[in-house]
Amino acid sequence: MIWKLAWRNLWRHRGRTLIMGSAVAFLYGLTLLGLSINDDAHGRMLQEAIAAAGGDVLIHGDGYWDTRASDRVIRSSDSALGRVADTEGVRLAIPRILISGLVSTSSGSSSVYLQGIRPELEIELTDPADDLTHGSFLSDERTDPLVLGSGLVDLLELELGDRVVLTASDPEGELVRALFHLTGIVETGVRALDETVGYTTIEAARDAVAMEEMLSQIGVLAAEGVEPGPLAARVSAAVGTENALEVLTWEEAVPEMVGFVELDDAFGLIFMLVLLVVVLFSITNTFLMAVMERVRELGLLNALGLRGREIGRLLIAETLFLTALAMAAGLVLGYGGHLAVSHFGISVAAYGLEEIEISGVELSDLVFYSTIIPSRWLAASLLVAGATVASALYPAVRASRLAPAEAMRFYE
Amino acid sequence: MSTGIRASAAIIGPREATWEQDALVRVRGLTKVYRQGELEVPALRGVDLDLAAGEFSAMAGPSGSGKTTLLNMIGALDRPTEGWVEVAGHRANDLRRGEAAEFRLDHVGFIFQAYNLVPVLTAYENAEFTLLLRGVPSGERHRTVVPLLERVGLADMMNRRPPELSGGQQQRVAIVRALATHPEVVLADEPTANLDSATSGDLLDLMLELNIEMGITFLFSTHDETVIKRARRVIRLLDGRVDRVEVRETG
Amino acid sequence: MWRSTQTSSPVVGSEGPRADEIPGRGTLTSVKLALRNLLRNRWRSGLTLAAVAVAVGLMIWMLSLYEGWLQEMVRGATSVETAQVQIHSASYVESPRVYRSFAADSVLLQRILDVPEVLSASPRIELAGLVGDEDRSQVARILGVDPVRESETTPVADAVTAGRWLAPLPRPFPAAREVVLGSGVARQLQVGPGDELVTFLEAADGSLGNELLEVVGVVQTGNTEIDRNALYLHLSDAQALGALEGEIHEIAVRTEDLARARETAVAIAEAVGASSATPSPASVEGGLVVRPWQEILPGIDQMIFVFRRSYWVLYLLVYILAAVGVLNTQRMSALERRREFGVMMAIGMRPRRMLRTLLVETAVLGLVGGAIGCAFGTALSWYHATSGLDMSLLARETTFSYMGVSFSERLYFVLRTGNVIQPLAVMVAVAVVSGLWPAIQAARIDPAPTIAGRS
Ligand SMILES: Nc1ncnc2c1ncn2[C@@H]1O[C@H](COP(=O)(O)OP(=O)(O)OP(=O)(O)O)[C@@H](O)[C@H]1O
Ligand SMILES: [Mg+2]
């Protein structure tokens with residue numbers, strides 16, 4: 001009976017229902033959409049960060065990650081690699097030689113961040129060959145292949161097949177020079193990266209900087225559903241302490257990126273909460289009006305046998321209906337927006353912004369998409385629903401307890 | 001006495017009447033039909049009426065006879081279906097909304113049955129409201145309104161807001177507001193309907209005095225005998241027509 | 001207000017215009033009417049004002065946050081590394097090579113310094129090389145600078161965290177050359193003031209340069225490019241190392257106004273007879289090019305552009321919700337006052353004036369609410385502008401870099417007059433627009449049936 005009356009009342013004040021409902025629906029829809037766009041962007045940032053770091057868990061010579069010092073290497077790497085690969089929860093262990101050095105040609109020299117890799121393993125994380133524009137990606141017969149970023153190639157005026165000299169320091173601190181041949185060119189789209197990146201095979205890299213039996217990094221990929229934290233602990237136990245190695249989760253390796261995402265999330269939450277407050281003020285206002293109307297109708301409702309408490313209940317029922325309707329509309333709005341954004345994307349590149357660097361991780365291809373994380377949508381829904389109902393309940397409960405004359409004064 | 005009234009009613013009766021050349025308000029062939037969906041409700045069925053300057057007239061008739069409708073037509077609050085209305089030579093019908101408002105501001109004063117005043121304004125501010133709408137400067141408004149408020153006995157209540165005034169006091173403020181612009185005619189639709197008879201009598205006496213002092217024409221609609229008693233002319237409406245007009249001497 | 005004494009005389013006006021003694025009193029303006037009407041229902045107006053105030057306050061706070069972020073980014077990117085304007089040879093701009101240098105001409109430098117907006121200028125050499133000791137080595141960006149001019153042009157000397165900045169004059173040979181390292185380079189090489197390093201690089205003539213260095217200081221500038229890679233060296237030492245005697249690669253110029261860098265670049269170009277635009281690859285031949293930071297760091301410039309664009313999205317989100325509040329209040333309040341409006345129009349108020357009165361009411365609502373919002377939004381932003389926002393309250397790890405600029409712990413907001421006034425002005429406009437519909441509805445009231453209670 002009360003529910004029916006509440007439902008009718010909603011439709012009787014159609015204009016008010018519409019305005020209030022649309023405010024809640026609009027806020028809720030936007031919150032959902034904003035949340036899923038943010039979550040998508042943050043997810044991709046962290047994914048990029050994992051790729052840039054080199055794996056879910058990283059193993060280096062102790063202190064390497066912080067200093068990038070050429071003498072902090074993983075010695076007796078074969079046994080370490082073997083033990084890591086056998087650790088439970090490890091999908092793949094990717095060995096790497098990382099060299100920071102100079103590449104020189106007749107027309108000059110430039111700094112390079114050269115990675116000696118096994119291309120067939122790297123594919124499991126990200127395939128660097130995707131960015132190949134010329135030549136081949138470490139797949140021909142040469143023993144000294146070199147793939148460089150397009151910016152670096154331009155800077156050094158190189159062509160495929162040209163000789164390139166690498167100068168770097170070996171683990172003993174000796175400067176060494178090694179000859180490579182340019183076999184491929186990659187273009188990532190990120191300028192800073194294209195001007196420094198280089199790839200070669202792990203064997204050629206080992207030859208160049210005298211790192212037989214050694215590695216700079218082992219990138220560990222976790223098996224499905226394995227968290228990096230516990231995995232790092234197991235890996236750490238597996239490699240033991242005698243080798244003086246550091247084992248880092250990717251979150252520890254790029255804490256700044258994690259921090260940035262957290263901060264961005266926090267600002268998003270502040271923004272949303274304040275908007276919620278703006279909407280709640282209007283909702284409280286409307287419900288106060290509704291209460292006043294009801295207090296004026298009290299005589300009539302009393303005659304029908306409705307008491308103060310029941311009027312309060314009537315208002316609560318109305319609130320619940322309104323909230324449910326509005327949130328249903330908001331859900332449609334948010335989900336529709338999500339579908340549209342995840343399909344078409346919102347391109348920032350259209351405004352000329354092509355890349356963003358955050359804590360050393362370069363993000364290019366700046367198109368925002370949308371990903372739903374159900375738990376976050378649920379949390380947002382509960383928050384909006386709870387706040388809306390609460391803001392309407394207060395005037396309802398308070399006014400239903402007052403005598404009509406008092407209630408009038410309460411509002412005026 | 002009663003035969004005399006009938007006689008004069010016959011003279012100024014609707015059709016055979018000889019029109020007063022200097023009539024202030026002239027109503028001719030006024031018809032109003034309200035449409036309610038399919039249904040046509042005739043509220044006025046051809047009213048002819050003249051009102052001389054300085055008149056103090058009452059319009060009486062059973063409920064639904066068309067009193068309010070006729071007053072609204074004279075005050076340009078509503079448009080006739082047929083016929084026309086003239087106040088001091090100005091047509092009151094066929095005006096656009098803005099023009100109608102201007103017409104009312106310039107030529108007509110209104111007093112309604114209830115909810116006459118703007119609740120957030122003081123008695124003084126309500127009284128000067130029409131002058132304000134006319135763009136009269138504040139000093140002049142003050143010079144006009146204060147004596148009138150004193151005249152109606154509200155000298156001590158100028159700063160009170162309507163909720164702090166009695167019904168009679170509120171109607172006095174409405175009278176001052178209606179008179180402040182020196183309109184050609186003051187139209188009052190059942191001004192005493194919400195008042196007790198003693199207050200009604202006082203209010204009517206006051207209006208009559210003002211009518212004499214200021215020479216402003218009054219036209220009321222009423223069911224109230226205290227009002228009818230004081231009117232110099234009583235126009236009886238029946239079913240949307242002027243049934244008869246009674247003229248009498250009042251003291 | 002004035003109180004009239006009861007006088008028998010009906011003509012009070014003859015005693016003199018009392019209202020004139022207290023000017024403005026007793027005068028009924030639209031604003032006053034609006035205020036009265038708003039005060040009539042305090043709960044309703046109060047809640048609406050609060051919604052408006054929160055919206056405006058939030059906008060001001062967000063804009064100040066963004067501006068602080070942008071300013072920090074521009075400052076971090078420009079102050080140490082690029083300064084505000086840079087001069088290179090045209091071919092160097094096209095593709096930087098060691099040998100694409102130009103003569104370090106004192107007349108040229110003086111002409112630049114004579115441009116009114118120019119505060120100082122620093123000639124530089126830039127070389128890529130390896131630095132290291134017997135344990136390890138690292139790639140570095142070797143910057144040859146005049147220590148005095150460089151410290152006048154950039155805040156690098158203030159960024160010294162260990163040791164000291166370069167001495168004004170290079171050491172006499174054969175002592176080791178003085179160098180100052182970026183904090184990242186120092187950490188990676190694990191060296192500090194007093195430690196010796198060796199550098200190794202390819203000189204302009206293709207020969208291999210080699211030099212013994214002594215670290216005298218470490219700088220942490222907040223610019224990740226500098227902090228991770230830079231090695232500062234005396235200009236003449238760098239020239240010797242790179243076989244570039246008498247030559248330089250660039251002149252970095254500090255100007256009075258960061259925002260007017262484009263205009264200043266043009267003025268400098270005119271003064272030295274150089275081009276002021278980035279050369280197209282076809283026109284690389286000779287000559288100098290003067291470029292403002294916006295052209296050297298287009299990414300930052302675009303970032304600012306995109307951020308400022310996105311302000312309108314913020315406005316849209318925040319103000320639509322506030323507008324719904326205003327609309328609702330005004331609609332309800334207009335409904336409640338229908339009778340009153342009917343009477344006002346019956347006694348001669350023109351519909352147009354009715355409309356105006358109601359719009360003034362919403363404008364007052366927007367203005368008063370906006371002013372309150374302005375007050376606390378500005379106060380909060382001011383607090384965060386002076387003491388900074390402690391970002392560690394919002395995230396565990398707050399030292400990250402963004403577009404090459406390090407942010408840490410505290411973010412200092414930037415409060416600009418425009419960013420206080422604009423949210424207020426937009427809010428008043430939004431309020432008036434959202435009050436339009438209820439106001440038009442009210443102005444359309446037909447007085448006769450309204451007074452009769454028939455509608
Ligand atoms: N807006 C309207 N729509 C439909 N019918 C109307 C309208 N206004 C008046 N009427 C009808 O016109 C007739 C005359 O009404 P009017 O209000 O003039 O009567 P009245 O003489 O003032 O009555 P009362 O003494 O009750 O005030 C009535 O039958 C009424 O129902
Ligand atoms: Mg009537």
Side-chain angles (χ1 to χ4, degrees), chain A residues 15-16 19-20 22-23 26-27 30 66-71 100-102 104 106-112 154-155 167-169 173 175 255-260 262-263 266-267 271 274-275 277-279 281-282 284-286 288-289 348 351-360 410-412, chain C residues 40-44 47-48 50-51 54-55 58 62 65 95-99 128-130 132-139 141 187-190 200-202 206 224 299 302-303 305-306 309 317-318 320-322 324-325 327-329 331-332 391 394-404:
Chain A
R16 186 173 69 200
I19 291 183
M20 290 331 297
S22 63
F26 187 66
L27 174 83
L30 275 178
D66 199 28
T67 63
R68 307 292 168 113
S70 44
D71 58 334
S100 145
L102 281 179
S104 315
S106 51
S107 58
S109 56
S110 189
S111 62
V112 69
D154 287 347
L155 227 52
T167 311
S169 117
L175 272 192
E256 306 180 326
M257 190 59 152
V258 179
F260 177 82
E262 249 176 50
L263 189 72
F267 277 125
F271 186 65
V274 178
L275 279 190
V277 168
V278 173
V279 172
F281 280 138
S282 329
T284 308
N285 215 347
T286 311
L288 276 170
M289 300 295 290
V348 183
Y351 295 106
L353 188 68
E354 272 147 20
E355 55 193 60
I356 299 180
E357 178 268 359
I358 299 167
S359 294
F410 160 69
Y411 188 56
E412 265 158 22
Chain C
R40 161 147 87 175
N41 198 324
R42 279 157 216 234
W43 262 97
R44 180 167 64 203
L47 281 166
T48 312
V54 170
L58 175 67
M62 293 288 288
L65 164 69
S95 178
R97 301 283 150 73
V98 189
Y99 54 85
L130 280 169
D133 51 24
E134 60 276 13
D135 294 326
R136 58 190 75 86
S137 60
Q138 198 68 39
V139 181
R141 218 172 121 181
R187 187 158 45 97
Q188 289 173 0
L189 293 175
Q190 292 177 291
F200 166 85
L201 55 79
E202 198 149 355
T224 52
Q302 282 154 0
M303 192 90 210
F305 180 74
V306 169
R309 265 293 169 86
L317 298 186
V318 179
I320 279 185
L321 292 173
V324 168
L327 177 73
N328 209 27
T329 312
R331 203 183 57 89
M332 290 188 292
M391 293 193 287
L394 304 175
R396 277 167 294 169
E397 174 65 51
T398 55
T399 50
F400 53 84
S401 77
Y402 192 86
M403 295 301 272

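Residue numbering restarts at 1 for every chain, and letters A, B, ... go by the order of the sequence lines.
Only the side chain of C:Arg97 comes within contact range of chain A, with heavy atoms under 4.5 Å apart. Neither the backbone nor the side chain of C:Leu189 comes within contact range of chain A, judged by heavy atoms closer than 4.5 Å. Using a 4.5 Å cut-off between heavy atoms, A:Leu155 contacts chain C through both its backbone and its side chain. When heavy atoms are compared at a cutoff of 4.5 Å, A:Asp154 approaches chain C solely by way of its backbone atoms N, CA, C and O. Within the 4.5 angstrom heavy-atom criterion, no atom of C:Arg141 approaches chain A. Looking at A:Val274, the atoms closer than 4.5 Å to chain C (heavy atoms on both sides) sit in the backbone and in the side chain alike. Using a 4.5 Å cut-off between heavy atoms, C:Tyr99 contacts chain A through its side chain alone, with no backbone atom that close. Interface remark: C:Val318 contributes backbone and side-chain atoms alike to the contact with chain A (heavy atom separation under 4.5 Å).
The structure places CD1 of C:Ile320 at 11.0 Å from CG of A:Leu275, a figure rounded to the nearest 0.5 Å. For the atom pair C:Gln190 CD and A:Thr67 OG1, the distance stands at 5.5 Å (nearest 0.5 Å). Interatomic distance, A:Phe267 CZ to C:Met391 CE, rounded to the nearest 0.5 Å: 7.0 Å. The CG atom of A:Asn285 sits 4.5 Å away from atom OG1 of C:Thr329, with the distance rounded to the nearest 0.5 Å.
The residue among A:Thr167, A:Thr284, A:Val258 with the most heavy atom pairs within less than 4.5 Å of chain C is A:Thr167. Put simply, of C:Leu327, C:Leu201, C:Asp135, the one with the most heavy-atom pairs under 4.5 Å next to chain A is C:Asp135. Highest contact tally toward chain A, considering only C:Ala322, C:Gly129, C:Ser137, C:Ala128, is held by C:Ser137 [criterion: heavy-atom pairs under 4.5 Å]. Between chain C and the options A:Val112, A:Asp66, A:Val279, the largest number of non-hydrogen pairs under 4.5 Å is found for A:Asp66.
With sequence neighbours excluded, the residues that form a salt bridge (Lys or Arg N to Asp or Glu O under 4.0 Å) with A:Asp71 are C:Arg136. A:Ser109 meets the side-chain hydrogen bond (donor to acceptor under 3.5 Å, both in side chains) test with no other residue; sequence neighbours excluded.
The heavy-atom pair separating C:Val139 from A:Ser100 by the smallest distance is CG2-OG, 3.5 Å.
Counting heavy atoms from C-beta outward, A:Ser169 and C:Leu130 have side chains that stay 4.5 Å or more apart.
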